[in-house]
Amino acid sequence: MRDAIKFRASPRTYRRHRVQFNDWVTALTIIVGLFVTMACLLGGYVAMGGHVEVLIQPWEFVIIGGSALGTFIVANSMPVITDSGKAVLEVFRGSAPKERDFLDVLALLHALMREMRSKTRTEVEAHIDAPEESAIFQAYPKILANKDLKYFICDYVRLILLGNARPHEIEALMEEEIQTIGRDRLKPYHAIQAVADGLPALGIVAAVLGVIKAMGALDQSPEILGHLIGAALVGTFAGIFMSYGMAGPIASKIKVVREKQNRIYIIVKQTLIAFMSGATPQIALEFGRKAISSKDRPSIDVVEEQAIAAPVKVAAE
């Protein structure tokens, strides 16, 4: 029954379900990784004869987490703070570009290059001056919703239409803008990595405060004093674990996702520069396809079928 349903579904629908499944796998992988880390950590501690209730020191976590959050707010502007929240959500959603996203970009570029070869400048400018009203852009809603990518494509297609700039000049300008976009998109990574680097020190601060509290109870019984010192040491443990077991890995994942997102701009650059240098639209797409990671790179046959043969029809399904 499942096989019948899969074969009755259109290829576009099947790919969409596959992307949604991959998104769930990405989030599940992160959750499973954190679970394995906690299970091994606590399991090993209990196996050594430790008592888990000793680790339950909420105020130590308040000191460390609150201090980390406060320093994060002080060190970053509001756009970076909000973008950091967005970046963390992208990690759990698996928002890195996939084969379908690369195919959409290649198909859109192929359609625009065909227009530039066969239509007048005025007709092509109608697409890039008002992309929201363009049938070509409307066929690719994800690109249309991505304002940075949309304007990047439109700006350089407009420069190509002007005809006064040389390919190497446009390429240099593209590379500079791509580097700027990359730096902006990696700001959340640097912000969260800075917090991860500071968490061990904040754990020591929490531990020192706990020791200060313990020093005020030297007249108490050894049992009470031992409990206070143990609670203080939990701060050191928590700071180190939150750094290397949570914040650091999430920051690294943000970097991977954002660098993959930036790869799309390189694909656009390679394709348009090849077109400016005299390549046909089909050959120019091959320059862009080769800029895709081998893991996500569609085959030549897939590109011909879904990006060259009938790009608008496929994207609009």
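Side-chain atoms are counted along with the backbone in the values below, which use heavy atoms only and exclude waters and symmetry mates. The shown structure was predicted, so the numbers you read here are calculated from the model rather than taken from an experiment. Position 1 is the first residue of the sequence; numbering continues from there.
- The pair Glu259-Arg185 does not meet the salt-bridge criterion, since no charged nitrogen lies less than 4.0 angstrom from a carboxylate oxygen.
- Contact check for Met113 versus Thr271: side-chain heavy atoms found under the 4.5 Å cut-off.
- Grouping the Ile, Leu, Val, Met, Phe, Trp and Tyr side chains by contacts below 4.5 angstrom, directly or via other members, places Leu233 apart from Leu228.
- Ile63 and Phe72 end up in different hydrophobic clusters when Ile, Leu, Val, Met, Phe, Trp and Tyr side chains are linked at under 4.5 Å.
- Between Phe237 and Leu41, the closest side-chain pair of non-hydrogen atoms falls below 4.5 Å.
- To the nearest 0.5 Å, atom CZ of residue Arg100 and atom CG of residue Asp104 are 4.5 Å apart.
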Item to check | Check against side chain to side chain contact (heavy atoms under 4.5 Å, CB included), Phe275 and Thr280 | outcome: CA-CA 6 Å; Phe275 179 73; Thr280 63; over 6 Å; no
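- Under the 3.5 Å distance criterion, the side-chain polar atoms of Lys98 are matched with a main-chain donor or acceptor of Ala96.
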Next on the checklist: Please determine whether salt bridge (charged side-chain N to carboxylate O under 4.0 Å, His left out) holds for the pair Glu99 and Arg297, giving the CA-CA distance in whole Å, both sets of side-chain angles, and the decisive distance to 0.1 Å.
Outcome noted: CA-CA 6 Å; Glu99 180 179 318; Arg297 184 188 302 156; over 6 Å; no
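- With contacts defined as side-chain heavy-atom distances shorter than 4.5 Å, the pair Gln270/Lys290 does not qualify.
- Listed by chain and number, the hydrophobic cluster partners of Leu89 come to none, as no ILVMFWY side chain reaches under 4.5 Å of it.
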Item to check | Worked check of side chain to side chain contact (heavy atoms under 4.5 Å, CB included) between Val302 and Ser299 | outcome: CA-CA 5 Å; Val302 172; Ser299 65; 3.1 Å; yes
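- Placement of Val205 and Leu69 in two distinct hydrophobic clusters is found when ILVMFWY residues are connected by side-chain heavy-atom separations under 4.5 Å, directly or transitively.
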Next on the checklist: Let's go through Lys142 and Asp101 carefully: what are the C-alpha distance in whole Å and the side-chain angles of both, what is the deciding distance for salt bridge (charged side-chain N to carboxylate O under 4.0 Å, His left out) to 0.1 Å, and is it a yes or a no?
Outcome noted: CA-CA 8 Å; Lys142 289 186 68 175; Asp101 300 307; 2.6 Å; yes
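- Under the 4.5 Å side-chain heavy-atom criterion for ILVMFWY residues, no single connected hydrophobic cluster contains both Ile192 and Tyr244.
- We find that Arg289 and Glu286 are joined by a salt bridge, their nearest charged nitrogen and carboxylate oxygen being less than 4.0 Å apart.
- Using a cut-off of 4.0 Å between Lys/Arg side-chain N and Asp/Glu carboxylate O, Lys150 and Asp155 are scored as not salt-bridged.
- More than 12 heavy atoms of other shown residues, nucleotides or ligands fall within 6.0 angstrom of atom OH in Tyr45.
- Taking CD1 of Ile267 as the reference point, atom CG of Leu272 lies at 11.5 Å (rounded to 0.5 Å).
- Remark: side-chain polar atoms of Ser243 are not paired, donor with acceptor, to backbone N or O of Gly239 under 3.5 angstrom.
- Residues Val211 and Met215 form a side-chain contact, since some pair of their non-hydrogen atoms from C-beta on lies under 4.5 Å apart.
- Side-chain contact check for Val80 versus Ser84: some heavy-atom pair is nearer than 4.5 Å.
- Between Met276 and Ile170 the shortest side-chain heavy-atom distance falls below 4.5 Å.
- Phe152 is not listed as a side-chain neighbour of Asp148, based on a closest heavy-atom distance of 4.5 Å or more.
- Atom OG1 of Thr71 is separated from atom CG of Asn76 by 9.0 Å, given to the nearest 0.5 angstrom.
- The CG atom of Leu109 lies 10.5 Å from the CD1 atom of Ile136; values are rounded to the nearest 0.5 Å.
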Next on the checklist: Run Lys269 and Glu175 through salt bridge (charged side-chain N to carboxylate O under 4.0 Å, His left out) and show every step you take.
Outcome noted: CA-CA 8 Å; Lys269 183 199 77 171; Glu175 288 179 352; 3.4 Å; yes
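- The shortest non-hydrogen separation linking Ile73 to Ile81 is CA-CD1, 3.9 Å.
- Within the 3.5 Å criterion, the main-chain N or O of Glu176 finds a donor-acceptor partner in the side chain of Thr180.
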Next on the checklist: Test side-chain hydrogen bond (donor to acceptor under 3.5 Å, both in side chains) on Glu123 and Thr120; report intermediate values, then the result.
Outcome noted: CA-CA 5 Å; Glu123 291 175 313; Thr120 65; 3.2 Å; yes
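- Contact annotation: the side chain of Val268 approaches that of Leu149 to within less than 4.5 Å [non-hydrogen atoms, C-beta and beyond].
- A donor-acceptor pair is defined here as one N or O able to donate and one able to accept, closer than 3.5 Å; no such pair exists between the side chain of Glu177 and the backbone of Met174.
- Closest non-hydrogen pair, Lys260 versus Pro97, comes out as O-CG, 3.5 Å.
- A distance of 11.5 Å separates NE2 of His190 from CG of Asp197, quoted to the nearest 0.5 Å.
- Taking 4.0 Å as the cut-off between side-chain N and carboxylate O, Glu171 and Arg166 do not count as a salt-bridged pair.
- Within 6.0 Å of NE2 on His227 lie no more than 12 heavy atoms contributed by other residues, nucleotides or ligands.
- Between the side chain of Ser67 and the main chain of Ile64, no donor-acceptor pair closer than 3.5 Å is present.
- Val234 and Leu55 make their closest contact through CG1-O, 3.9 Å (heavy atoms, listed as atom of the first residue, atom of the second, distance).
- When all heavy atoms of Ile273 and Pro167 are compared, the pair lying nearest together is CD1-O, 3.6 Å.
- Of the inter-residue distances, the one linking Ser95 atom OG with Ile254 atom CD1 reads 11.0 Å to the nearest 0.5 angstrom.
- The environment of CD in Glu132 is crowded: more than 12 heavy-atom neighbours from other residues, nucleotides or ligands sit within 6.0 Å.
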Next on the checklist: Evaluate Leu162 against Leu159 for side chain to side chain contact (heavy atoms under 4.5 Å, CB included), listing each step before the verdict.
Outcome noted: CA-CA 5 Å; Leu162 292 176; Leu159 287 176; 4.1 Å; yes
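- Between Ile128 and Pro131, the shortest heavy-atom contact is O-CD, 3.6 Å.
- With sequence neighbours left out, Glu53 forms a salt bridge (Lys or Arg N to Asp or Glu O under 4.0 Å) with no residue at all.
- Classification of Arg263 and Asp296 as a salt-bridged pair fails, no side-chain N sitting under 4.0 Å from a carboxylate O.
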Checklist entry - So Phe241 and Thr37, side chain to side chain contact (heavy atoms under 4.5 Å, CB included) or not? Walk me through it. => result CA-CA 10 Å; Phe241 173 73; Thr37 301; 3.7 Å; yes
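- Here the shortest heavy-atom pairing between Pro188 and Ala87 reads CB-CB, 3.9 Å.
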